[in-house]
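What follows is a set of notes on a single structure, which appears directly below.
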Protein chains: 2
Amino acid sequence: MRPKNLEKEEAIRTIALQIIAEEGLENLTMQKLAKAANISPRTIYIKYDNKEDLLVTLYIEEVLGAYEQAVLKDFRFDMNFAEGVKKLWLNGFAYFKNNRHAFALMQYGKSSPLLNKAYQAKNIKQGDYFGAVIRFLEYHAAAGTIRNFHQDIQRALLFSPLIDLMSEYFDYQERPEQIITEETLLQCCDVVIKGMLK
Amino acid sequence: MRPKNLEKEEAIRTIALQIIAEEGLENLTMQKLAKAANISPRTIYIKYDNKEDLLVTLYIEEVLGAYEQAVLKDFRFDMNFAEGVKKLWLNGFAYFKNNRHAFALMQYGKSSPLLNKAYQAKNIKQGDYFGAVIRFLEYHAAAGTIRNFHQDIQRALLFSPLIDLMSEYFDYQERPEQIITEETLLQCCDVVIKGMLK
DNA sequence: CAATAATAAGTAAATATTTATTTACTTACA
DNA sequence: TGTAAGTAAATAAATATTTACTTATTATTG
């Protein structure tokens, strides 16, 4: 049996992400992807059932998998609140800085019903990844360090500014000067922490 | 000369927004829109140059126009910081609660390059709308009420949690109980304000 | 003041492309 | 040498946009 060419599998994923990030999800076509990856359209269908499967798989692996794993690096639920939040923010910043394409795909996940479905399907298992963050928040709410909001509300307060600042970071990458540095990011992180502490 | 049928113009806009919100931007086709609005595809082209023009116009009017106007209702740049922020948040909450479709389109603006372009094109004039918010932030930074971050950073800290909470609001509308009420929203607003105050 | 001409609004159906996916074949390796 | 991996080209459906025609109104004319 002829073995799979792993380079081609990799090319499909990398180039799909690239097209999505640079031209938008709406401009990713199977034929364009095949041409850019120097393969036949058929080859994509050997590895994925169809376009939806490709996109959902990409989303789950790059956004719900790799990102969440990167964010939780060296993080423990029983960390000091300020330390923990800073760790999460810096991990996220580092990951996205090097994975601009994954960031673009994540943004699509917030609007596209297709990817949204994938998110909800994965949400059950996601407790395993983000479990540490959930426990972290519960732990500090119980200890009285922070207010006892619903978990989804805590997440919004804690991470939405980071995502928005990340957007700004990429916007400013195409301008003369960058306003989002690790320093300003940590200052923003302090603002968020200060707001949440009781 | 036969006059324009304003109901048809209205139908195009309303139904386009509806399809985008319910099925996604990627599933809006000119033919589907025409059929749903009970008109000929040609009629859309009388009112808009092409699909891009339709989407960009929709985005500018519904997201960059109506929304920003609603947010700034009864807002003045020299308001007390906490009062001003609460006003902006409550205005935004009230608007989106009644304009779910506009919210969906706004979310697409963050990912789709097409709408992103529209945003940048409008950004120059946007100073006129959001000018009051910019002046508000400058005013309070100068007065020492808040830290002196870059305007885009202030905006991220101030509004991204609201947008995220709004997303949660719509998510929870399809579940048994709603976690985002005006009360919890104001509590979150207090968290943000507390974080930003020096 | 009625009849009507001028004209943009509107329609139904067609067109030329583009698209996801498949068919029929070839290739490389265990 | 059997077999899944891979290719080039085909296909059928969908899509944005156009063509060729019809309709409803207004402003003018007789």
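Chain identifiers are assigned alphabetically (A, B, ...) following the order of the sequence lines, protein sequences preceding nucleic acid strands; residue numbering begins at 1 within each chain. Please read all numbers here as calculations on a predicted model, not as lab measurements.
- Scanning all heavy atoms of the two residues, the minimum distance from B:Asn50 to B:Asp53 falls at OD1-N, 2.9 Å.
- The listed nucleotides are D:dA16, C:dT21, D:dT7; the one nearest the side chain of A:Asn50 is C:dT21.
- Atom NZ of A:Lys51 and atom P of C:dT19 are 8 Å apart (whole Å).
- Less than 4.0 Å separates DNA chain D from at least one heavy atom of each of the following residues of residues 27-39 of chain B: B:Leu28, B:Thr29, B:Met30, B:Gln31.
- Side-chain atoms of B:Asn5 lie closest to C:dG10 of the nucleotides C:dG10, C:dT21, D:dT17.
- We find that CG of B:Leu6 is positioned 13 Å from P of D:dT25, with the value rounded to whole Å.
- Residue pairs meeting the salt bridge (charged side-chain N to carboxylate O under 4.0 Å, His left out) criterion with at least one partner in residues 178-198 of chain A, sequence neighbours excluded, are A:Lys86-A:Asp190.
- Ring orientation note: the planes of A:Tyr95 and A:Tyr67 are tilted relative to one another, at an angle of 30° to 60°.
- When the C1' atom of C:dG10 is taken as reference, atom CD1 of B:Ile12 falls 11 Å away, rounded to whole Å.
- When each of A:Glu26 and A:Arg42 is assigned the nucleotide of DNA chain C bearing its nearest heavy atom, the one mapping closer to the 5' terminus is A:Glu26.
- Distance B:Tyr45 OH to D:dT19 C1': 14 Å, rounded to the nearest Å.
- Partner of B:Pro113 under the side chain to side chain contact (heavy atoms under 4.5 Å, CB included) criterion, chosen from A:Glu22, A:Glu23, A:Glu26: A:Glu26.
- The separation between A:Leu54 atom CG and C:dT21 atom P is 10 Å, rounded to whole Å.
- Atoms CD1 (B:Ile46) and C1' (D:dT17) sit 13 Å apart, rounded to a whole Å.
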Mind listing the N/O atom pairs, protein and nucleotides 28-30 of chain C, below 3.5 Å?
{"unit_1": "C:dC29", "atom_1": "O2", "unit_2": "A:Met1", "atom_2": "N", "d": "3.4"}

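- Among D:dT17, C:dG10, D:dA5, the nucleotide with an atom closest to any side-chain atom of B:Lys8 is C:dG10.
- Ring orientation note: the planes of B:Tyr139 and B:Phe77 are nearly perpendicular, at an angle over 60° on the 30°/60° scale.
- In terms of polar N and O atoms assigned as donor or acceptor, the side chain of B:Thr43 never comes within less than 3.5 Å of the base of C:dA9 in a complementary pairing.
- The aromatic rings of B:Phe96 and B:Phe103 lie perpendicular to each other, with more than 60° between the two planes, well past the 30° mark.
- Nearest nucleotide to the side chain of A:Lys47, out of C:dT22, D:dT7, D:dG6: D:dG6.
- Residues B:Tyr108 and A:Gln107 bring no donor and acceptor atom of their side chains to less than 3.5 Å of each other.
- Checked for salt-bridge contact, B:Glu68 and B:Lys73 miss the test: no charged N lies under 4.0 Å from a carboxylate O.
- Using a 4.0 Å cut-off between charged nitrogen and carboxylate oxygen, A:Arg100 and A:Glu174 count as a salt-bridge pair.
- Between the P atom of D:dT18 and the OH atom of B:Tyr48 lies a distance of 17 Å, rounded to the nearest Å.
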